[in-house]
Amino acid sequence: MAATNQLGENLSVVVHGVGDLRLENRPVPEPGPNEVLLKMHSVGICGSDVHYWQHGRIGDFIVKKPMVLGHEASGTVIKVGSSVTHLKPGDRVAIEPGVPRETDEFCKTGRYNLSPTIFFCATPPDDGNLCRYYTHNANFCYKLPDNVTFEEGALIEPLSVGIHACRRAGVTLGSKVFICGAGPIGLVSLIVAKMMGASQTVISDLSSSRLEKAKEVGADFILQVTNETPEQTARKVEELLGCMPEITIECTGAESCIQTGIYATRSGGTLILVGLGPAMVNVPIVNAAVREVDIRGIFRYCNTWPMAISMLASKRVNVAPLVTHRFPLEKALDAFETTKRGVGVKVMLKCDKEDQNP
């Protein structure tokens, strides 16, 4: 096994504060007993990465010291800790970025994503994995089958948000589903809803190019929103489907879209809030209450990686069209500018100098 000091530089993408993003060399870490050292391959840029760079915080998570970004990732094991038995050097893995630090009540009930002390890549103060070499808890590194690419492995992270949202929504055979927002999370929610049996889906956005991508990945109806009121948009959704949807998945966090979500959802249905916006929003809560519309939140995901890998390996799910831009790690600043401008869908950084393939 290569000694970590022979691996050379560990180029990393580090946010230092508001608007201050740097490429810098950091030491190559040594894996602890339950960890593996990974040579990173593909890392997607998330809206949250851009937000930490632009604003230095998300809610109560504040960048107080330099932090490595990145949490949508895959790579190859190059060294294993002394207690690791299920992985070996050469294994290709997808990384689940949230690792509980203690076995609390949330972990015991299988909802470890709600554990208040959880480690999570690129959420202050925890470093992410947008770098050449990275150590992670081996139990949260999942072996990829040969027919699943590194990029697909990295896309399991956003795909997991869609899986968790659709699970919490109760999407099943014949569900009619309305999705607000056709960014990466809206698109994975669409893909998963179709996979879980939704018979008809409508997706809305301001951007025609994003709606075209939604068509490409299987949307039955697309709805370009201009300056309609939330009630008007809700009526359009009903017209397109021929009925009100039982399930609405809100992926924007915008106040008007949450309002639309309540008005659009059939009585007795479910509205899932995925997108995060301002802490306080005005919503027609009485409308939801008297029509028994359940409003449910989601926080990241749990227990999704094995399912996502099975679906990708079976080729029943195609996430490849989501990747629209690729940059080598050295051009990370350009990649972040591209993401910030909102062009394309998913921007992927390629961290392995020797292998820039998907």
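Below, all heavy atoms of this structure are taken into account, side chains as well, without hydrogens, waters or symmetry copies.
- Counting non-hydrogen atoms of other residues, nucleotides and ligands closer than 6.0 Å to CZ of Arg111 gives a total of 12 or fewer.
- Glu151 pairs in a side-chain hydrogen bond (donor to acceptor under 3.5 Å, both in side chains) with only one of the listed residues (Lys346, Lys350, His41), which is Lys350.
- By the side-chain hydrogen bond (donor to acceptor under 3.5 Å, both in side chains) test, His136 is found to be paired with Tyr134, residues two or more places apart in sequence or in another chain being considered.
- In summary, Lys236 and Glu239 do not engage in a salt bridge, as defined by a charged side-chain N under 4.0 Å from a carboxylate O.
- The list of salt bridge (charged side-chain N to carboxylate O under 4.0 Å, His left out) pairs with a residue in residues 136-146, not counting sequence neighbours, reads Asp91-Lys143.
- In terms of heavy atoms, Leu206 sits closest to Val225 at CD2-O, 3.3 Å.
- A side-chain donor-acceptor contact under 3.5 Å links Tyr112 to the backbone of Asn303.
- When side chains are defined from C-beta on, Val343 counts as touching His325, because their heavy atoms get closer than 4.5 Å.
- At distances below 3.5 Å, not a single donor-acceptor pair connects side-chain atoms of Arg326 with backbone N or O atoms of Gln356.
- Here the straight-line distance linking atom CD of Glu9 with atom SG of Cys131 works out to 11.0 Å at 0.5 Å rounding.
- Looking only at side-chain heavy atoms (C-beta outward), Pro116 and Asp104 come within less than 4.5 Å of each other.
- Separating the CD1 atom in Ile45 from the CD atom in Glu337 is a distance of 10.5 Å, to the nearest 0.5 Å.
- Using a distance-only test at 3.5 Å, with no hydrogens or angles considered, a donor-acceptor pair links the side chain of Arg291 to the main chain of Thr265.
- Here the side chains of Thr117 and Pro100 are not in contact, with every heavy-atom distance at 4.5 Å or above.
- Of the inter-residue distances, the one linking Asn282 atom CG with Ser256 atom OG reads 12.0 Å to the nearest 0.5 angstrom.
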* **Chi angles and distances behind the side-chain contact (heavy atoms from CB on, under 4.5 Å) call for Arg26, Val68** => CA-CA 10 Å; Arg26 293 198 155 197; Val68 179; 3.5 Å; yes
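- Hydrophobic clustering of Ile, Leu, Val, Met, Phe, Trp and Tyr side chains at less than 4.5 Å, counting indirect connections, keeps Val202 apart from Met195.
- Under the 3.5 Å distance criterion, the side-chain polar atoms of His86 are matched with a main-chain donor or acceptor of Ala138.
- The residues Glu330 and Arg132 are annotated as salt-bridged, a charged nitrogen and a carboxylate oxygen being separated by less than 4.0 angstrom.
- How far CD1 of Ile262 is from CG of Asn287: 7.0 Å, rounded to the nearest 0.5 Å.
- Interatomic distance, CG of Asn113 versus CZ of Arg300, reported as 8.5 Å (0.5 Å rounding).
- For Leu87 against Val80, the heavy-atom pair with the smallest separation is O-CG1, 3.6 Å.
- Partners of Glu292 by side-chain hydrogen bond (donor to acceptor under 3.5 Å, both in side chains), not counting sequence neighbours: none found.
- Phe150 pairs with exactly one of Asp352, Asn357, Leu155, Thr76 by the side chain to side chain contact (heavy atoms under 4.5 Å, CB included) rule, that one being Thr76.
- Checking side-chain atoms of Arg168 against main-chain N and O of Gly297 turns up a donor-acceptor pair under 3.5 Å.
- Judged as a side chain to side chain contact (heavy atoms under 4.5 Å, CB included), and not counting sequence neighbours, the contacts of Asn137 are Val99, Asn139, Phe140.
- Linking Ile, Leu, Val, Met, Phe, Trp and Tyr whenever their side-chain heavy atoms come within less than 4.5 Å leaves Leu271 and Phe178 in two separate clusters.
- For Thr233, there are no side-chain hydrogen bond (donor to acceptor under 3.5 Å, both in side chains) partners two or more places apart in sequence or in a different chain.
- Atom-to-atom distance recorded for Thr229:OG1 and Arg235:CZ is 6.0 Å, nearest 0.5 angstrom.
- A donor-acceptor distance shorter than 3.5 angstrom exists from the side chain of Thr339 to the backbone of Ala335, with no hydrogens or angles considered.
- With hydrogens and angles ignored, the 3.5 Å screen pairs no side-chain donor or acceptor of Asp294 with any backbone N or O of Thr270.
- Residues Cys180 and Thr252 approach most closely at O-CG2, 3.6 Å, considering heavy atoms.
- Using a 4.5 Å cut-off on side-chain heavy atoms (C-beta onward), Arg92 and Ser74 make no contact.
- Annotation: side chain of Val237 is in contact with side chain of Pro245 (closest heavy-atom distance under 4.5 Å).
- Side-chain contact between Pro125 and Lys64 is absent, with no heavy-atom pair separated by less than 4.5 Å.
- Here the side chain of Glu250 pairs a donor or acceptor atom with the backbone of Gly253 at under 3.5 angstrom.
- Taking hydrophobic clusters as Ile, Leu, Val, Met, Phe, Trp and Tyr residues chained together by side-chain heavy-atom distances below 4.5 Å, Ile163 shares a cluster with Val188.
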* Going through the distances and angles, do Lys315 and Asn147 end up as a side-chain contact (heavy atoms from CB on, under 4.5 Å)? -> CA-CA 9 Å; Lys315 300 299 169 200; Asn147 68 341; 3.8 Å; yes
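- Side-chain N or O atoms of Glu231 include none that pairs as donor or acceptor with a backbone N or O of Tyr263 at under 3.5 Å.
- Taking 4.0 Å as the cut-off between side-chain N and carboxylate O, Lys215 and Glu212 do not count as a salt-bridged pair.
- Under the 4.5 Å side-chain contact rule for hydrophobic residues, Val171 and Met244 do not share a cluster.
- Of all the heavy atoms in Trp53 and Asp20, the pair that sits closest is CD1-N, 3.9 Å.
- The shortest side-chain heavy-atom distance between Thr103 and Lys108 falls under the 4.5 Å cut-off.
- No hydrogens or angles considered: nothing links the side chains of Gln224 and Thr226 as a donor-acceptor pair under 3.5 Å.
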* To do: Take Thr260 and Thr248, measure what side-chain contact (heavy atoms from CB on, under 4.5 Å) needs, and give me the verdict at the end.
  => CA-CA 9 Å; Thr260 300; Thr248 300; over 6 Å; no
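- The pair Glu30-Lys79 counts as a salt bridge, with a side-chain nitrogen and a carboxylate oxygen less than 4.0 angstrom apart.
- The number of heavy atoms from other shown groups lying within 6.0 Å of CG (Leu276) does not exceed 12.
- The existence of a salt bridge linking Lys213 and Glu216 is confirmed by a sub-4.0 Å separation between a basic side-chain nitrogen and an acidic carboxylate oxygen.
- Of all non-hydrogen atoms in Ala332 and Val13, the two that sit nearest each other are CB-CG2, 3.5 Å.
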* To do: Evaluate side-chain contact (heavy atoms from CB on, under 4.5 Å) for Tyr52 paired with Leu21, printing each intermediate quantity in order.
  => CA-CA 10 Å; Tyr52 282 123; Leu21 189 65; over 6 Å; no
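- Residue pairs that meet the side-chain hydrogen bond (donor to acceptor under 3.5 Å, both in side chains) test with at least one member in residues 176-200, sequence neighbours left out, are Lys194-Asp220.
- One N or O on the side chain of Asp126 and one on the backbone of Phe120 form a donor-acceptor pair closer than 3.5 Å.
- Considering only heavy atoms from C-beta on, Val217 stays 4.5 Å or farther from Asn318 through its side chain.
- Between Ser160 and Thr304, the shortest heavy-atom distance links the atoms OG-OG1, 2.7 Å.
- A continuous path of hydrophobic side-chain contacts links Ile258 to Val293 [ILVMFWY only; heavy atoms under 4.5 Å].
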